[in-house]
Amino acid sequence: IVWPMGELTDCLQGIETGVNRVASHVRGIPVEDVLLLRGLKLVGEGLSSRLEEMLKPYGLNDSDFRALMQLYSDPQGSAFPSELCAFAAQTPTNMTRIADALVARGLVTRTPNQQDRRRIELRITPAGRRFAAKLLPALSGQVVALLADLSAKDKRTLSGLLRRIAATVDAAAERGRGR
């Protein structure tokens, strides 16, 4: 989804109008909570769309980028595909596609693991490190621009709140799995 200028703001307003309308017919709707959840989802989708646009000129999508960044940030520059699945929020099948794309571009290699040769390890190449080192500064200005209306204090507050929401979502998922 590519969001035209102002469309997210209009969508948030439309969501608020709709939720308030439903709340006027159905008692007990937690309006503020629903608005926050819908707003977080909508803004998250908008940010994902914007990130995809930012990465497109570099021949990457968000999943490829997250996998590459995980390898780039790892002290050994390596990981097993199953580890990358969790970080990139991808299925094993899609992680294979991501690895294939990164290997084809020479950014990553596949090698048998030293301890268990049946396991394949993905490792960032020197070309992958150079690519990431050039890519990150190029994206940084755009990332800063996305959050330019927030003060440093706002950013710290939002970061803390997002962590609290993430912990609550994790706890609910654990309860749902009966743990």
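As a basis for the values below, the full set of heavy atoms in this structure was taken, side chains included, without hydrogen atoms, waters or symmetry mates. Please read all numbers here as calculations on a predicted model, not as lab measurements.
Remark: R119 CZ to F80 CZ distance equals 4.0 Å, nearest 0.5 Å. With rounding to the nearest 0.5 Å, the separation of CD in E121 from OG1 in T109 is 8.5 Å. The distance from atom OG of S151 to atom CG of L158, rounded to the nearest 0.5 Å, is 10.5 Å. For the atom pair CG of L150 and OG of S159, the computed distance is 11.5 Å after rounding to the nearest 0.5 Å.
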Side chains of residues 93-101: which donor-acceptor pairs under 3.5 Å do they make with residues two or more places apart or in other chains?
| from | atom 1 | to | atom 2 | distance (Å) |
| --- | --- | --- | --- | --- |
| N94 | OD1 | R97 | NE | 3.2 |
| N94 | ND2 | Q90 | OE1 | 2.2 |
| T96 | OG1 | P92 | O | 3.1 |
| R97 | NH2 | D64 | OD1 | 3.3 |
| D100 | OD1 | R110 | NH1 | 3.1 |
| D100 | OD1 | R110 | NH2 | 2.4 |

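Looking at heavy atoms from C-beta onward, E52 lies out of side-chain contact with L55 at the 4.5 angstrom threshold. Contact of the R66 side chain with the L84 side chain is not registered, since no non-hydrogen atoms from C-beta on lie closer than 4.5 Å. With contacts defined as side-chain heavy-atom distances shorter than 4.5 Å, the pair L47/L51 does not qualify. Counting heavy atoms from C-beta on, the side chains of R123 and L71 never come closer than 4.5 Å. Annotation: side chain of D74 is not in contact with side chain of I124 (no heavy-atom distance under 4.5 Å). Residues K41 and E45 form a side-chain contact, since some pair of their non-hydrogen atoms from C-beta on lies under 4.5 Å apart. Taking the side chain as every heavy atom from C-beta outward, S49 and E53 approach each other to under 4.5 Å. Looking only at side-chain heavy atoms (C-beta outward), L107 and L68 come within less than 4.5 Å of each other.
Hydrophobic clustering, with ILVMFWY side chains joined whenever heavy atoms are under 4.5 angstrom apart, keeps L161 apart from L40. Two different hydrophobic clusters hold L12 and L36 under the rule that ILVMFWY side chains link at heavy-atom gaps under 4.5 Å. Hydrophobic clustering, with ILVMFWY side chains joined whenever heavy atoms are under 4.5 angstrom apart, keeps V169 apart from L37. Note on L102 and L139: same hydrophobic cluster, where clusters join Ile, Leu, Val, Met, Phe, Trp and Tyr whose side-chain heavy atoms are under 4.5 Å apart, directly or indirectly. If you chain together hydrophobic residues whose side chains sit under 4.5 Å apart, I29 and L35 fall into the same group.
Residue G106 comes nearest to T125 through the heavy atom pair O-OG1, 2.6 Å, listed as atom of the first residue, atom of the second, then distance. Taking both residues in full, the closest heavy atoms of L146 and M54 are given as CD1-SD, 4.2 Å, listed atom of the first, atom of the second, then distance. The minimum heavy-atom distance linking Q70 with S73 is given by the pair O-OG, 3.1 Å. For the residue pair P137 and A132, the shortest heavy atom distance occurs at CD-O, 4.4 Å. Minimum heavy-atom separation, R105 to G59: NH1-O, 3.0 Å. Taking each heavy atom of A138 and Q142 in turn, the nearest pair found is O-NE2, 3.6 Å.
With sequence neighbours excluded, no residue forms a salt bridge (charged side-chain N to carboxylate O under 4.0 Å, His left out) with D154.
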I would like to know whether V31 and N20 meet side-chain contact (heavy atoms from CB on, under 4.5 Å); could you show each step before the answer? CA-CA 7 Å; V31 173; N20 284 324; 3.3 Å; yes

Passes side-chain contact (heavy atoms from CB on, under 4.5 Å), Y58 versus F65? Steps please. CA-CA 10 Å; Y58 301 96; F65 175 74; over 6 Å; no

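The local environment of CG in D149 is sparse, with at most 12 non-hydrogen atoms from other residues, nucleotides or ligands closer than 6.0 Å.
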